[in-house]
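Note: hydrogens, waters and symmetry copies are ignored here, and every other heavy atom, side chains too, is used.
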Amino acid sequence: MLEGRTFMFSDAAGNVPKGSIGGLVHDDTRYLDQWELAIDDRPLLVLSSGPVDAYSAAFFLANSELPDLPANRVGIRRQRVVGDGMYERVELRYFGAEPVTLRLRLAVGTDFADLFEIKETGRDRAPDIVRRHEPDGSALSFSYQNGDYAALVRVESDPPADHVDGDSLVWHLHLERGQQWSCAIRVPLSCGEENYRPVLRGFGESFDHGPEDAATRWAAGKPHLHADRDMLASTYERSALDLVAMRIEKTIADEPVVLTAAGLPWFLTVFGRDTLITAYQTMICGPDVARGALIVMAAHQATTADDFTDREPGKIFHEYRSGELTRLGLKPYKPYYGGADTTALWLILLSEYWRWSRDDALVRRLRSNADAALAWIDRHGDLDGDGYVEYQTRSTQGLGNQCWRDSPDGIQFADGSIPVLPIATCETQGYTYDAKLRAAELADGPWQDPDLARRLRDEAAGLRERFNRDFWIAERGGLDGDKNRIDSMTSNMGHLLWSGIVPADRAEQVARQLMSDDMFSGWGVRTLSAADGGYNPIGYHTGTVWPHDNSLIAAGLARYDFRQEANRIAMGLLEAAAHSNYRLPEAFSGYDRSFGRQPVPYPTACNPQAWASAAPLLLLRTLLGLNPQGDGLAADPHLPGHLGQIRLHDVQAGGRRWNVTAQQTRSTVVPAG
């Protein structure tokens, strides 16, 4: 369960056993690492359990067999909600014939572990954790401080427990047949100077942050979709709900903004690349998320150089963390700048935001940030002066691969061997090309700087010419530190279509390779060709299918008018979502569709993950051919016949709202209202 930057991860009974990777986590710190409910110290039987909403879950349980009580005589319901801490309601109902006396125990524990330590062995903070439990059983309190870092968690019970046993609350219950007993438990948190207290609400009720809340505005302002196929409408609604649940709200220079965290459970924070691409994918749902991403990342744009954080002037950050290890300077994530592509992606989003919103004021306000970003591309991004953006970490804890395929084996030769650093990946050059053309458009428009526009277009043209000379290897390529061509065949070539750097006479070959049996699984395009030596259908970046990756590929194919190919990807992903409650995970395995009747899961995929949840929104835009056009909105649909009619109401573009109706290749776009 998640809400903003808080999540709770438990087993099917609602318990978190000591020593597991579960618990209540907020802002990169685990506040509870044990949360176990038991009757007479025996585990409870699970009848049914699962999420109700993104932020809530229900657990229906029963007692296991006890010396004086058969199993299934006590029914237990746990209802749990996260958000600004956690709230849980525990209800018992007794169905036995004779009165019974029971001991209900809630065992509680905390280790205040940094998020980076949860999956690994971390420092034992037990000697430094201070307990201040209330003797009347009304609350348990745990606090921890290390230098300037401080955290506190309380567990408050109503009614109070009959006694406190170590770190456990214990109630002694005497129940008659049919008698019901209930208890409300609140878990408020303190993180530094910030105090959070959970708000009680019913299941299915969204948090009411008020009409001025940025996330509330985004959710209320998104277009209404009516589709003949439930699959499309259900996936759209699921995506929108998950994106709101993963929101991060900040205040920058007294302005409240909203943007998305990267994904549950390990990435509920701002990731430059993920957050920027998610904002791009969600533009048809309104500009607020893009606006928030642009403002927050501009506020943290680097102005100095630092090896430990891979920081360089003008660079947009890659990852921001708030846990103890980061705050004390032991980890480089406040923030970390090891992303070769985030700076260009920020420029791309700035342009896309302007195209949809026509917000000249914000684009002018961010002009100096854009100038710094362009300067970083030319001065620091190009490590050796060859005209390409490369990456190589200078940090002792930096990422080796600083593109979206950032696992250690994410970039490799066709035979599976690993290239040497620095590396210039193909898609990063495509992003750079697109960023410069888009910045030129802004220079001609709100910046009113025609000289800059001409210079940027000349630079983009030169990059395009060089790129298509150096990177073209029978539709494969990248360059390693020795200028060897990296000849693996990857999904990244689809990003080149999205950026527009591929000449028209070569686009057909790229499209054909993307849709070949070695690349296209039937559910989506694999990250690595099945014909390559390093292919593994369950390798993180070496054969899996990533929804966000495929949404960009589909948009690129449509850009070059390969609409049927784009539709195959869109329908494959939508059908995959239908097998997982209409939610697309971070990635799924690259096995061919004939291998099973549904996609084979990738074992440790984030679920939900922001750019996976946003993928259906970009796919919908691609199917409808929606693009802003001046102060209006243009539609160029190419819908499969079996999708029937699609109506999208209240799409924001050019400062107005529009209603779009489409079926196959026919469409109407009219002002809303």
Quiz item: Hey, are T527 and H541 close enough side-chain-wise for a donor-acceptor pair under 3.5 Å?
Solution: no
Quiz item: Are any of the side-chain nitrogens in E565 or R512 under 4.0 Å away from the carboxylate oxygens of its partner?
Solution: no
Quiz item: Does the side-chain hydrogen bond (donor to acceptor under 3.5 Å, both in side chains) test come out yes or no for T275 and T278, once each step is laid out?
Solution: CA-CA 5 Å; T275 299; T278 299; over 6 Å; no
Practice problem: Before giving the answer on salt bridge (charged side-chain N to carboxylate O under 4.0 Å, His left out), spell out for D631 and R656 the whole-Å C-alpha distance, their side-chain angles and the decisive distance to 0.1 Å. | Solution: CA-CA 8 Å; D631 294 332; R656 301 181 63 183; over 6 Å; no
Self-check item: Sub-6.0 Å ring centroid separation between F317 and W346
Solution: no
Quiz item: When you check the gap from the basic side-chain N to the acidic O, do E427 and R405 get nearer than 4.0 Å?
Solution: no
Quiz item: Can you find a heavy atom in the side chain of V660 that is under 4.5 Å from one in the side chain of T668?
Solution: no
Self-check item: Side chain to side chain, L648 and L624, heavy atoms closer than 4.5 Å
Solution: yes
Quiz item: Side-chain donor-acceptor pair under 3.5 Å between D592 and S521, yes or no?
Solution: no
Exercise. Decide whether a cation-pi geometry holds between R506 and W472; the criteria are a distance under 6.0 Å from NZ or CZ to the six-membered ring centre and an angle within 45° of the ring axis.
Key: yes
Quiz item: Is it true that a side-chain atom of R583 and a backbone atom of S613 form a donor plus acceptor pair closer than 3.5 Å?
Solution: no
Quiz item: Under 3.5 Å, is there a donor-acceptor pair between the side chain of T343 and the main chain of I316?
Solution: yes
Practice problem: Evaluate the side-chain hydrogen bond (donor to acceptor under 3.5 Å, both in side chains) criterion for residues H26 and T6: first the C-alpha distance (whole Å), next the side-chain angles of each, then the deciding distance (0.1 Å), finally the verdict. | Solution: CA-CA 4 Å; H26 172 79; T6 305; 2.8 Å; yes
Self-check item: SB check R526 D518 (cutoff 4.0 Å)
Solution: no
Self-check item: Backbone of E249 reached by a side-chain donor or acceptor of R5 within 3.5 Å
Solution: no
Quiz prompt | W546 and T544: side chain donor to acceptor below 3.5 Å | solution = yes
Quiz item: So which of Y602, W404, F588 actually passes ring pair (Phe, Tyr, Trp, His ring centres under 6.0 Å) with Y540?
Solution: Y602
Exercise. Ignoring hydrogens and angles, tell me if any N or O in the side chain of D532 forms a donor-acceptor pair with the backbone of M489 under 3.5 Å.
Key: yes
Self-check item: Donor-acceptor under 3.5 Å (S580 side chain, Y582 main chain)
Solution: no
Quiz prompt | Centroid separation W658 to H649 less than 6.0 Å | solution = no
Quiz item: Taking 4.0 angstrom as the limit, do D650 and K222 come out as a salt bridge?
Solution: no
Quiz item: Do any N or O atoms from the side chain of N468 and from the backbone of R464 form a donor-acceptor pair under 3.5 angstrom?
Solution: yes
Quiz item: Once the angle between the rings of F267 and F271 is folded into 0 to 90°, is it parallel (under 30°), tilted (30 to 60°) or perpendicular (over 60°)?
Solution: perpendicular
Quiz item: When you check the gap from the basic side-chain N to the acidic O, do R621 and E352 get nearer than 4.0 Å?
Solution: yes
Exercise. Give the C-alpha distance, both sets of side-chain angles, the deciding distance and a yes or no for side-chain hydrogen bond (donor to acceptor under 3.5 Å, both in side chains) between D549 and H495.
Key: CA-CA 8 Å; D549 184 30; H495 295 223; 2.5 Å; yes
Quiz item: Backbone N or O of M231 within a donor-acceptor pair of the S234 side chain at under 3.5 Å?
Solution: no
Quiz prompt | Under 3.5 Å: donor-acceptor pair, side chain of S56, backbone of R80 | solution = no
Quiz item: So which of R559, R666, R563 actually passes salt bridge (Lys or Arg N to Asp or Glu O under 4.0 Å) with D636?
Solution: R563
Quiz item: Is a side-chain donor-acceptor pair under 3.5 Å present for W611 with Y280?
Solution: no
